[in-house]
Structures are given as structure tokens and as C-alpha cells.
A.B. asks: 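Here you go, one structure.
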There are 2 protein chains.
Amino acid sequence: MKKLQKRFDDFIALKSLKHTHQRNLIFDVFLNSDGHLSTEELYEKIKSIDSSVGQATVYRTMKLLCEAGIAHEIHFGDGLTRYEVDDSGKKHHDHLICTVCGKIFEFVDELIEQRQKELAKKYDFDLTSHRMYLYGVCADCRKKI
Amino acid sequence: MKKLQKRFDDFIALKSLKHTHQRNLIFDVFLNSDGHLSTEELYEKIKSIDSSVGQATVYRTMKLLCEAGIAHEIHFGDGLTRYEVDDSGKKHHDHLICTVCGKIFEFVDELIEQRQKELAKKYDFDLTSHRMYLYGVCADCRKKI
DNA sequence: TTATTTGCAAAGAATTTGCATGTCC
DNA sequence: GGACATGCAAATTCTTTGCAAATAA
């Protein structure tokens with residue numbers, strides 16, 4: 001993950017921002033989390049390490065990480081903003097969301113990616129990004145019912 | 001769209017609810033809109049017809065239409081809740097969203113539908129629903145730039 | 001009649017912002 | 001030192017809820 005650290009440093013330099021204890025902490029916690037944390041969950045994690053960090057700083061820093069191309073927002077439709085690592089080295093992936101336990105599985109599927117490009121071409125769209133969410137019940141939860 | 005009217009009536013009967021002027025109006029406006037309206041936009045349309053209708057009633061009625069299987073929520077990631085007609089007679093469709101003008105195109109693609117089912121099977125998920133959003137710039141907006 | 005519904009305004013939840021104070025460079 | 005960041009609390013935005021008055025069946 002050296003690349004993202006560099007991106008962080010470069011962005012801070014470019015925009016004449018400052019490295020602060022809080023920003024570094026939030027950056028670290030975010031990168032070491034599973035990448036689907038809501039702002040609230042991130043804030044909880046951060047507070048458990050340094051309780052003096054304010055919630056507004058978490059919001060502000062996550063916005064900043066998005067601008068820097070380190071994070072991006074994802075919305076699963078439950079009203080919460082979640083963040084995912086924007087690792088351009090990693091393939092684009094989609095999500096399977098268990099509507100019972102809330103678990104999120106990521107997967108990469110070339111056929112889908114390919115077809116999305118074809119569709120964009122067909123409808124004369126210049127594709128910038130895409131999201132696909134499959135909602136269902138995972139094997140574990142089906143057993144419990 | 002007789003089917004949805006019946007679904008509405010049946011739901012109201014089933015739950016011992018009442019047909020009210022407001023509910024009928026909201027139902028009509030919703031069905032005759034393009035199906036991607038936010039609550040705010042719906043409320044504006046409704047107010048222009050009957051300014052005495054309260055915003056809370058719009059929220060309450062849209063929830064009710066969702067429960068009745070007439071509407072469902074969609075989230076394009078801009079923080080607004082939008083509603084779409086839940087017409088099970090119509091094929092499932094996906095969305096192309098122009099990030100410049102905000103226009104939304106719907107399309108149906110059997111290959112995608114097919115592949116989603118395969119993927120759910122592969123990961124042992126019992127698929128209940130899915131959403132796919134393609135974000136990009138439409139042909140019209142590209143010309144303007 | 002009487003349970004349901006409504007509009008209003010107040011309450012909530014998630015997020016943003018203003019500002020005095022604190023911190024990085 | 002001075003610009004940038006922070007924490008706090010107040011402000012915003014979207015949505016829900018409590019309640020007295022209105023209405024459908």
C-alpha cells in the first residue's frame with residue numbers, strides 16, 4: 001500500500017495542506033479496515049485509539065481522502081455513507097450484500113466488466129464509473145433460518 | 001397500469017387502510033411521472049396540484065407504496081431517495097446516469113441479468129434483487145463540452 | 001361512530017459549517 | 001508567525017414522529 005501513502009503525501013503537498021496526527025491516524029485506520037466502513041464505524045474505531053479526535057474531523061478527512069483518490073464513497077441504500085479503498089491497482093469489483101447479516105462480499109467478473117463497456121458504447125455514453133450491487137441471502141444465513 | 005391500481009386497492013383492503021384524496025393523488029402523480037423522482041420532486045409536483053398536502057404525507061405514502069409493492073426506493077449515491085415504479089410485468093432494468101446533466105436512461109440487458117444469476121449461484125447467494133448503475137457522460141453533454 | 005389519516009411542528013439522524021483555539025512548518 | 005486544522009456546538013438537510021383536528025367507512 002505504499003502507493004496510497006505516496007498519493008496521500010502528494011495530495012497534501014499539492015494542495016499545501018498539512019500532515020496532522022489526526023489525518024495520519026484516520027488514513028491508517030481506513031486503510032487497515034475491511035474497506036466497507038461507514039463514517040460512524042470509522043469514527044468508533046478512531047475514538048478507541050484516540051478519543052480526542054472529533055467526528056467532524058473524520059468527516060472532513062474522509063472527504064479529503066476521496067478528493068485525493070484514496071477513498072471513494074459507496075452507498076448500499078441503507079442511508080449510510082461507506083468508504084472503500086480506491087486502489088486503482090486492484091481490479092474493479094462489485095458487491096454481493098447479504099440482506100440478513102449485512103456481510104459484504106466482493107467479486108470481480110470480467111464478463112460483467114466487458115458487457116458494461118459494450119452497453120456504454122451502445123447507448124453512446126462515455127463511461128466514467130459503475131456500481132453493481134447484488135442483494136440476497138448468503139449461505140450461512142440460509143442455514144440459520 | 002390497471003395492475004398497480006389493483007395492487008393498491010388490495011393492499012388498502014388487506015391492511016384495513018383507507019382510500020384518501022391524498023393517497024390517490026400521490027399514487028397518480030407517482031405513476032404518471034418518469035419514475036426516478038426524489039421525494040422532494042414528487043412533493044413539488046403534488047403541491048402544484050394540491051398545495052394543502054403536507055410533505056409528511058408524501059413520505060408516508062411513498063413508504064406505503066413500497067410496502068404494497070408498487071414503488072421501490074433507488075439510490076444513485078447523491079444522498080436523495082428516489083422512487084421507481086415496481087412493475088413486475090416489466091423486465092428488470094438497469095440505469096445509465098449522466099453525471100453532467102443528470103439524465104437517467106434505463107436499459108434491459110439479458111446478458112447482464114443472466115450473468116448476475118450465475119454469479120449469485122457461484123457465491124452461493126440466494127439473490128433477492130440487484131442494482132446496477134453506470135455513470136458517465138451522455139452524447140449530448142459531450143457535444144456541449 | 002370510531003379507527004385511520006392528515007398537517008403541522010417538533011424531533012431525529014447524518015452531515016456540514018462557523019469560529020475560537022490549537023498545531024504544523 | 002501565520003496559514004492551516006481541529007473540536008465543539010450550532011446549523012443544515014432529509015426523514016420520521018407525536019398529536020390534535022379532520023375524514024373515510
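Sequence lines set the chain letters: A, B, ... in the order given, protein chains first and strands last, and positions in each chain run from 1.
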A.B. asks: Partners of A/D109 by salt bridge (charged side-chain N to carboxylate O under 4.0 Å, His left out), sequence neighbours excluded?
C.D. replies: B/R115

A.B. asks: Considering heavy-atom distances to DNA chain D, does B/L80 or A/S52 have its closest nucleotide positioned more toward the 5' end?
C.D. replies: A/S52

A.B. asks: Between atom CG in B/L42 and atom P in D/dC14, what is the gap in whole Å?
C.D. replies: 14 Å

A.B. asks: Could you tell me which residues satisfy salt bridge (charged side-chain N to carboxylate O under 4.0 Å, His left out) with A/D10, sequence neighbours excluded, listed by chain and number?
C.D. replies: A/K6

A.B. asks: For B/R23 and D/dA24, what is the distance between atoms CZ and P respectively, to the nearest whole Å?
C.D. replies: 11 Å

A.B. asks: Who passes salt bridge (charged side-chain N to carboxylate O under 4.0 Å, His left out) against A/K103, sequence neighbours left out?
C.D. replies: A/D140

A.B. asks: Starting from P on C/dG12, measure out to CD on A/E40 and report it in whole angstrom.
C.D. replies: 17 Å

A.B. asks: Between A/T81 and B/Y43, who's closer to the 5' end of DNA chain C by nearest nucleotide?
C.D. replies: B/Y43

A.B. asks: So, using salt bridge (charged side-chain N to carboxylate O under 4.0 Å, His left out) as the criterion, who are the partners of B/D9 when residues are at least two apart?
C.D. replies: none

A.B. asks: Can you tell me the distance, in whole Å, between the CG atom of B/N24 and the P atom of C/dT5?
C.D. replies: 12 Å

A.B. asks: Does anything in residues 55-69 of chain A form a side chain to side chain donor-acceptor pair (under 3.5 Å)? List the pairs, not counting sequence neighbours.
C.D. replies: A/E40-A/Q55

A.B. asks: Tell me the interatomic distance from B/M62, atom CE, to D/dC14, atom P, rounded to whole angstroms.
C.D. replies: 17 Å

A.B. asks: Taking the six-membered ring where the residue is Trp, are the ring centres of B/F76 and A/H75 under 6.0 Å apart?
C.D. replies: no

A.B. asks: Is any side-chain nitrogen or oxygen of A/T39 closer than 4.0 Å to OP1 or OP2 of C/dT15?
C.D. replies: yes

A.B. asks: Just by protein heavy atoms under 4.0 Å, how would nucleotides 16-25 of chain C read 5' to 3' in B, S and -?
C.D. replies: BBB-----BS

A.B. asks: Once you round it to whole Å, what is the distance between P of D/dT13 and NE2 of B/H75?
C.D. replies: 20 Å

